[in-house]
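Shown next, in structure tokens, is the structure this report addresses.
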Amino acid sequence: LLRTMVVHGNDVPHKATSHLLLEPDLAATIQLCDHIRQGDTQPKYALSALKKKLYDKNPNVQLFSLQVLESWMKNCGTLIHDEVATRPFMEELQELVQSSGNEKVRSKILELVQVWAYAFRNEPRYRVVQDTVNIMKADGNTFPALKESDAMFAADTAPKWVDGDCCHRCRTLFSVIKRKHHCRACGQIFCDSCSSHHTTLPKFGIEKEVRVCDTCWEKYGRSIYS
Ligand SMILES: O=P(O)(O)O[C@@H]1[C@H](O)[C@H](OP(=O)(O)O)[C@@H](O)[C@H](O)[C@H]1O
Ligand SMILES: [Zn+2]
Ligand SMILES: [Zn+2]
């Protein structure tokens, strides 16, 4: 089962090629979550690598990749939710349920889509998941009992970055010289002089020093036990 999937970093030069090792142990999967949360691996690339395993002819490999997907959805937050809770991905899962001859694979997919629909029940932007549950029901699939505890997702993941044409703190307009920068702790957009500090953000699973704004520096950077 030990498969190495080399996932090439995207076009940003400092994103080194990250190796996604699909090993049959949770430690490796948790480590993969950290890579995704830390921004070492683009969620899109991680998922496209994982999807290859979803279509593996060996149902055990398919099942394991569904378990990896389940842990990524629990631990990597909106970075992964935004890629999975989409029509194309949901349609792929729908097709897998229709085409798979393996009962375990089918019921794992039904279980996951149902739990995600419940977890996203108050998030209109992910309503495609509930739509997919409805379609799968209409197709005659019977869903396993929902375990609400499965719908608990790790709360602490770094926020998405907002865009803007001026610094969130000093309101200076960005230009060719006054470049845009993002604070990894609040996701807001700043000029360099308002976000010149770097710190680790353990609560978001970010172990390397990353750029934070002055406000977040006061909050997370000052104390060494942030
Ligand atoms: O310098 P640029 O070519 O504009 O690119 C900017 C840098 O990549 C910034 O990285 P940083 O936050 O680590 O500085 C990023 O936050 C901005 O969104 C990008 O626009
Ligand atoms: Zn500023
Ligand atoms: Zn900030």
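Both counts, for ligands and for their atoms, begin at 1 and track the order of listing.
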**Message:** Side chain or backbone, does R179 bring an N or O within less than 3.5 Å of an N or O on ligand 1?
**Reply:** yes
**Request:** Check the angle between the aromatic planes of H81 and F120 and answer parallel, tilted or perpendicular using the 30° and 60° thresholds.
**Result:** perpendicular
**Request:** May I ask whether atom 8 (O) of ligand 1 is less than 4.0 Å from at least one protein heavy atom?
**Result:** no
**Item:** F190 and H181: CA distance, side-chain angles, deciding distance, ring-ring contact (aromatic ring centres under 6.0 Å, His included) verdict
**Value:** CA-CA 5 Å; F190 298 93; H181 299 283; 9.8 Å; no
**Asked** To the nearest 10°, what's the angle at the Zn ion (ligand 3) between atoms SG (C183) and SG (C186)?
**Response** 100°
**Prompt:** Has ligand 1 got any nitrogen or oxygen that is less than 3.5 angstrom from a nitrogen or oxygen of R184?
**Reply:** yes
**Asked** Passes side-chain contact (heavy atoms from CB on, under 4.5 Å), E70 versus K108? Steps please.
**Response** CA-CA 10 Å; E70 179 176 23; K108 187 65 185 171; 2.8 Å; yes
**Enumerated ligand 1 atoms positioned under 4.0 Å from heavy atoms of R211** = 11 (P), 12 (O), 13 (O), 14 (O)
**Minimum heavy-atom distance between P144 and S107, given as atom pair plus value** = CG-O, 4.2 Å
**Request:** Give a yes-or-no answer on whether the side chains of Y118 and Q130 include a donor-acceptor pair shorter than 3.5 Å.
**Result:** no
**Message:** I'd like to know if F89 and V133 are part of one continuous hydrophobic network [Ile/Leu/Val/Met/Phe/Trp/Tyr, side-chain heavy atoms within less than 4.5 Å].
**Reply:** yes
**Prompt:** Counting from 1, what ligand 1 atoms have a heavy atom of K180 closer than 4.0 Å?
**Reply:** 6 (C), 9 (C), 17 (C), 20 (O)
**Asked** In degrees, rounded to 10 degrees, what angle do C170 atom SG and C191 atom SG make at the Zn ion (ligand 2)?
**Response** 110°
**Request:** Looking only at protein heavy atoms, identify the closest one to atom 14 (O) of ligand 1 and say how far it is in Å.
**Result:** H181 ND1, 2.6 Å
**Item:** Numbered atoms of ligand 1 (with element) below 4.0 Å of W161, judged on heavy atoms
**Value:** 16 (O)
**Message:** Could you tell me if R211 and S195 have a donor-acceptor pair between their side chains, going purely by distance under 3.5 Å?
**Reply:** yes
**Item:** Heavy-atom side-chain contact between K104 and N60 under 4.5 Å
**Value:** no
**Nearest neighbour in protein (non-hydrogen) for atom 18 (O) of ligand 1** = H182 ND1, 3.0 Å
**Asked** Would a search of protein heavy atoms around atom 12 (O) of ligand 1 find one under 4.0 Å away?
**Response** yes
**Message:** Using a distance threshold of 2.8 Å, state whether an N, O or S atom of H168 lies below it from the Zn ion (ligand 2).
**Reply:** no
**Asked** Which pair of heavy atoms, one from L54 and one from Q62, lies closest together, and at what distance?
**Response** O-NE2, 2.8 Å
**Prompt:** How open is the angle at the Zn ion (ligand 2) from atom SG of C167 over to atom SG of C194, rounded to 10 degrees?
**Reply:** 110°
